[in-house]
Amino acid sequence: MRDITELPCDLFLLIIAYLPPRTCIRCRRVSRQWYEAFTSEDISLLLLRWNFPRCREMRLAAAAASLSSLSPKALESLDSLSSNNLAVELKCFAAAAHSWSSTFAAVARRYHHLRHAKPRVVDKIELAGLSQNQDGDGPPSVLSFRGVAQWNRYLRLDQNTANFHYDDPSWWYSQEDGVLVYPAAVRINDRDESHSEPLLTESETGYIYQVLDLSTGTQVSVPFDVRHKHIRRVRLSQGVLVFEWAEALPYHQLNDREVVHRHFVTAFDVVRIPSELSHASPGTTSESGDTRWTWTVKLRSEWKLHFLGLPLNRSDRFFSAHTATHYAVYFWQPNRSLYQDDPIEQLAVWDISSPSNYRPSEDPTGDKHPGASERSHSIPVGLWNGAQNGTNGTNSDRTGSSSVHSSSDGDTKPSSSAKAKTKSTPTGPRVIRRMAWRELGFYNLRQRATPQLRNLALDERNLYFVEEEHRWADGQHSSLSPPRVHHVRCTGIPIIPATPACPLSTSSSSGTPKRPPLAVIHNSSSVSVVESPIDGPVLGPIWVDACGADGDVNMSFCRRAAASSGPIAALESWATPRRIQLGTLNNASPEYIMGLLKSRDSTSADGWAWTAADSSTLSGDSKPGKLNAQDVIASFTSSPQRWPGWAPCWRHEDFPYLTVAEMVDFAAGVRITARHCFMLETISVHVRPGSISVKGATTSNSDDDGAGPSTSTSRPAMTSYQKKKITKRRTSSTATAGRSEEVQFADDMWSELVHKGYLAGDERWVLGEDEKGRITIVRF
């Protein structure tokens, strides 16, 4: 025997199990015999499982393997479900041939760059210029992006100021599907040939928004014409792309100085479609060469955002959130009345699960709306101005417990017979919940003149208001009684009616279909069926989670960090993976199977991603720190965001630094954060220890194992307290369970990624916007 490649296979595996990934890659260059041994498909797959158990490729392989155990009938039923983007990706992955040798090399290279905070490749994407800023420096554009104004708040300490809010970007990235939606820079005429942007024809001039799959390079156009529109916000979530926009021409005169523009919301379904390998274009091959699919964007529906419209100014604001089935929006408008100072606040929730080709923006009179003759007024005037039935600022009371939770659908009290009957089954978006001043005040959600709202969040049944105050906040909307340090709060309220627990008849006596009731209320004397989506009560407790960052004797500045033995991550632990019995999948329903592949139920508190795996978080016969196939599947299906009910403590986790933005890939255990403390700005990355498992590896700064932190040489000087705090964190006995090994990017990456205060991506890349208005894609 001359080298280890001639050893028996079991001994050879025992030896290479202790080698770091980078060493295994280097061993391929020793000789042809070593190259053949270390590029073996079986050995490469074993090395991938040992070293990177939570990487995307391993999670895909485990989930795709579970599909092979399904019966043909259950496998075909996945296509009939609405959320099938993940199922298509898994089927394409399972059907493609894989080179695990190349995959292991690519994953090892990716995590090497992640652990050292060094970009492998930096790509730039030019965005379409704004039409109102055409000064001859660039090609003309048809895009007008008029983002919704943020609160007039900023941070001030002595003479130093810093941003507390950032404007919304004109693009969006979906971690669930791995696609980027952005307005592409294009030429609308052929006068200047010096620009490299593609030339569009006259009929295609307005279709500048593109959907780009970063893994395959596939790019498709969104059938949304931006001409004669002001885009207010763009968002992609759960396969639904939403454009909030306003008409270019004003609709009516609000007063002597302001005009109102009609606002609409247009929703599209972004659907992944499998394509045959022989018909795939050259740009549809991923880095590992294992996926083949295309994308299509289809109109789902369109609805009017506000019944009167909104001015395009810096005073009227609205916040929104959406899922695959619902859309919620909160309006905050200054009161223009001479007799009322409090701002006008309203909340509305739509059910957008039913598609419709009707576009209200093309039908100003509403005569073409399906069922227009049977439709009642969608939004009563009294509700939106805070008065109803002649009252000023409050809604009229109704008998029963539902008076606090809902509002009537007209200016007068609806009769019981009107509630119990529907003339036809509506299609398209419909309002299921409205709240005005009185309801928002009941839930303690009134923002008044000193708003604290940061954003909205939705899940299957609840709406969450995320609020934030800061000690150093200044400006028109800053609090008159600031908190001691930094206060965050999340309030969850039941907003979406639940499905009745008891089966009811869904057909009338005449044989025509009838919409199922939204709720069944059992009283002591009778049983009443609620069918009106607006008047039906939504019962449930109010969820409030707050953190004042009041600190403790250890100067942790967060009660959650003080209540745990380790960093802030210890209390809000990684959600326990669901236990999946593969043997029961053949007999399971399609809904249950898709539930395993979709994001986990929001009722499970997906918290921080930095608690090391132990025996309590693994299922079956798993050993501490290792994942079996069931756990890998559960990891792959984890939610791309935290449970929205948690207060965003990550904002003040490193006080006095403020975490401006973060990108978290929960399934992979990769987190990239951007923090600033006035002039001190830093971007750092942390890879969860359980994501990389090497036998015998230590946390030393060895360059060979890829775990050595690399810090920027030009970082601003830190105070003695900050140095002491960082040293204490890194030398803590529980450091491996939290943010103990954060590695900083170079200082110039701040201007390349965080100009808009927004980060997105996953373990493969991180996206941001630079100072020149270009999208920066940092690939690892």
Side-chain angles (χ1 to χ4, degrees), residues 144-150 168 228-235 242-255 258-267 301-322 326-337 340 342-352 356 358-366 369 375-388 395 407 409-411 428-437 439-440 445-447 451 453 455-456 458 463 495 533-534:
S144 174
F145 188 84
R146 301 284 295 272
V148 181
Q150 300 295 323
D168 295 326
H228 312 297
K229 295 181 178 69
H230 297 298
I231 310 300
R232 306 303 305 272
R233 188 180 285 122
V234 180
R235 185 174 55 250
V242 163
F243 289 94
E244 299 167 351
W245 57 278
E247 292 178 332
L249 298 178
Y251 183 62
H252 66 85
Q253 192 82 22
L254 184 62
N255 50 45
E258 295 178 299
V259 293
V260 167
H261 296 252
R262 294 199 305 167
H263 281 61
F264 301 92
V265 182
T266 306
S301 58
E302 182 179 283
W303 62 94
K304 187 181 294 186
L305 181 64
H306 194 279
F307 82 112
L308 284 179
L310 299 170
L312 296 177
N313 53 29
R314 303 289 297 180
S315 301
D316 296 72
R317 299 168 173 86
F318 62 90
F319 296 80
S320 62
H322 80 276
H326 292 86
Y327 173 90
V329 61
Y330 164 82
F331 296 98
W332 189 95
Q333 299 177 264
N335 202 319
R336 295 169 173 86
S337 173
Q340 185 67 258
D342 287 339
I344 302 174
E345 302 179 53
Q346 306 102 22
L347 173 70
V349 180
W350 276 264
D351 182 347
I352 61 173
S356 175
Y358 173 71
R359 309 190 77 157
S361 59
E362 301 175 357
D363 183 23
T365 61
H369 188 283
R375 190 177 73 252
S376 60
H377 295 288
S378 59
I379 299 178
V381 177
L383 176 63
W384 292 99
N385 60 17
Q388 188 171 351
N395 295 330
S407 305
D409 196 27
D411 293 336
R430 60 190 182 98
V431 177
I432 63 171
R433 188 65 48 193
R434 299 191 188 104
M435 290 186 181
W437 292 346
E439 289 81 0
L440 294 174
L445 295 176
R446 287 284 304 274
Q447 301 299 308
L453 181 64
N455 63 275
L456 299 180
L458 270 175
L463 174 67
I495 202 71
I534 299 175

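For the single chain, residues carry numbers from 1 onward in sequence order. Note that the structure is predicted; figures quoted are calculated from it, not measured.
In this structure, CG in Leu347 is found 5.5 Å from CD1 in Ile495, a value given to the nearest 0.5 Å. A distance of 9.5 Å separates NE2 in His306 from NE2 in His263, rounded to the nearest 0.5 Å. With rounding to the nearest 0.5 Å, the separation of CD1 in Ile231 from CZ in Arg146 is 12.0 Å. A distance of 9.0 Å separates CG of Leu305 from CZ of Arg233, quoted to the nearest 0.5 Å. Within the model, atoms CG of Leu453 and CZ of Phe319 stand 5.0 Å from one another, a figure rounded to the nearest 0.5 Å. With rounding to the nearest 0.5 angstrom, the CD atom of Gln346 is 8.0 Å from the CH2 atom of Trp437.
Every residue meeting the side chain to side chain donor-acceptor pair (under 3.5 Å) condition with Asp316, not counting sequence neighbours, appears here in chain and number order: Asn313, Gln333, Arg336. By the ring-ring contact (aromatic ring centres under 6.0 Å, His included) test, Phe318 pairs with no residue at all, sequence neighbours left out. Residues meeting the salt bridge (Lys or Arg N to Asp or Glu O under 4.0 Å) test with Arg235, sequence neighbours left out: Glu244. Tyr327 pairs by the ring-ring contact (aromatic ring centres under 6.0 Å, His included) definition with Trp303, Trp350, not counting sequence neighbours. Applying the side-chain contact (heavy atoms from CB on, under 4.5 Å) criterion to Pro250, with sequence neighbours excluded, gives Val259, His261. With sequence neighbours left out, the salt bridge (Lys or Arg N to Asp or Glu O under 4.0 Å) criterion links Asp342 to Arg446, Arg448. Every residue two or more places apart in sequence or in another chain that forms a side-chain contact (heavy atoms from CB on, under 4.5 Å) with Ala328 is listed here: Val349, Leu458, Leu463. With sequence neighbours excluded, the residues forming a side-chain contact (heavy atoms from CB on, under 4.5 Å) with Ser361 are Trp245, Phe264, Glu302, Arg359, listed by chain and number. Take Asn455 and apply the side-chain contact (heavy atoms from CB on, under 4.5 Å) test, not counting sequence neighbours, and it matches Val466.
Proximity of Pro360 to Arg262: side-chain heavy atoms (C-beta onward) are nowhere separated by under 4.5 Å.
Of all the heavy atoms in Ser144 and His230, the pair that sits closest is OG-ND1, 2.7 Å. Across every non-hydrogen atom of Pro334 and Ser315, the tightest pair is CD-O, 3.6 Å. Considering every non-hydrogen atom in both Asp351 and His326, the closest pair reads CA-CD2, 3.9 Å.
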Worked verdict on Gln447 versus Leu440 for side-chain contact (heavy atoms from CB on, under 4.5 Å): CA-CA 9 Å; Gln447 301 299 308; Leu440 294 174; over 6 Å; no
Residues Leu312, Arg232; criterion side-chain contact (heavy atoms from CB on, under 4.5 Å); working and verdict: CA-CA 9 Å; Leu312 296 177; Arg232 306 303 305 272; 3.2 Å; yes
